[in-house]
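All of these numbers come straight from a predicted model, not from anything done at the bench. We're numbering straight along the sequence, starting at 1.
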Amino acid sequence: MSEQPTAAEIRALLDAVLDAIDIPHPATIGDTDAYRAVLDRRLGLAVIVARAALVEGPDSVAWNTAYLRRKLEALPPTGYRHYADTVAGR
């Protein structure tokens, strides 16, 4: 029988999911389409990993967390201007 994931493993998975979906807001309406495209890809990864962690069982939580982290490194929130980088965002 599988051992339950530790609180640290669950926290790491939740942190990775949050990193996937909590990306900088766009600076202007003109940046919204690019922002949404990046967010959509990252959100898709987060959903896939969360589902896999639930379906595959407790032993897969650490692997799925590492997988999501690797995928997020390859998909940074770039390609649009971030609100925080504007005068209004400071």
For atom CD1 of Ile29, decide whether the heavy atoms of other residues, nucleotides or ligands shown that lie under 6.0 angstrom number more than 12.
no
Under 3.5 Å side-chain donor-acceptor pair for Arg81 and Thr28
yes
Charged N-O contact under 4.0 Å between Asp19 and Arg69
yes
What's the verdict on side-chain contact (heavy atoms from CB on, under 4.5 Å) for Glu9 and Thr6, showing C-alpha distance, side-chain angles and the deciding distance?
CA-CA 5 Å; Glu9 289 173 325; Thr6 65; 3.2 Å; yes
If hydrophobic clusters are built by linking Ile, Leu, Val, Met, Phe, Trp and Tyr wherever their side-chain heavy atoms come under 4.5 Å apart, do Ile23 and Leu45 end up in the same one?
no
Would Trp63 and Val49 show up in the same hydrophobic cluster when neighbours are defined by side-chain heavy atoms closer than 4.5 Å?
yes
Decide yes or no on side-chain contact (heavy atoms from CB on, under 4.5 Å) for Arg51 and Ile48, but give the supporting numbers first.
CA-CA 5 Å; Arg51 279 196 182 131; Ile48 288 167; over 6 Å; no
Kindly work out whether a path of hydrophobic side-chain contacts (I/L/V/M/F/W/Y, heavy atoms less than 4.5 Å apart) joins Leu75 to Val17.
yes
Count I, L, V, M, F, W, Y as connected when their side-chain heavy atoms are under 4.5 Å apart, and connections chain through other members. Are Leu13 and Tyr67 then in the same cluster?
yes
Starting from Tyr80, can I reach Leu39 by hopping between I/L/V/M/F/W/Y residues whose side chains sit under 4.5 Å apart?
yes
Identify the two heavy atoms, one from Ala16 and one from Thr65, that lie closest to each other, and give their separation to 0.1 Å.
CB-CG2, 4.2 Å
Assess whether atom NE2 of His82 is packed by more than 12 heavy atoms of other residues, nucleotides or ligands within 6.0 Å.
yes
Test side-chain contact (heavy atoms from CB on, under 4.5 Å) on Arg42 and Ile21 and set out the steps.
CA-CA 6 Å; Arg42 292 170 68 98; Ile21 62 176; 5.8 Å; no
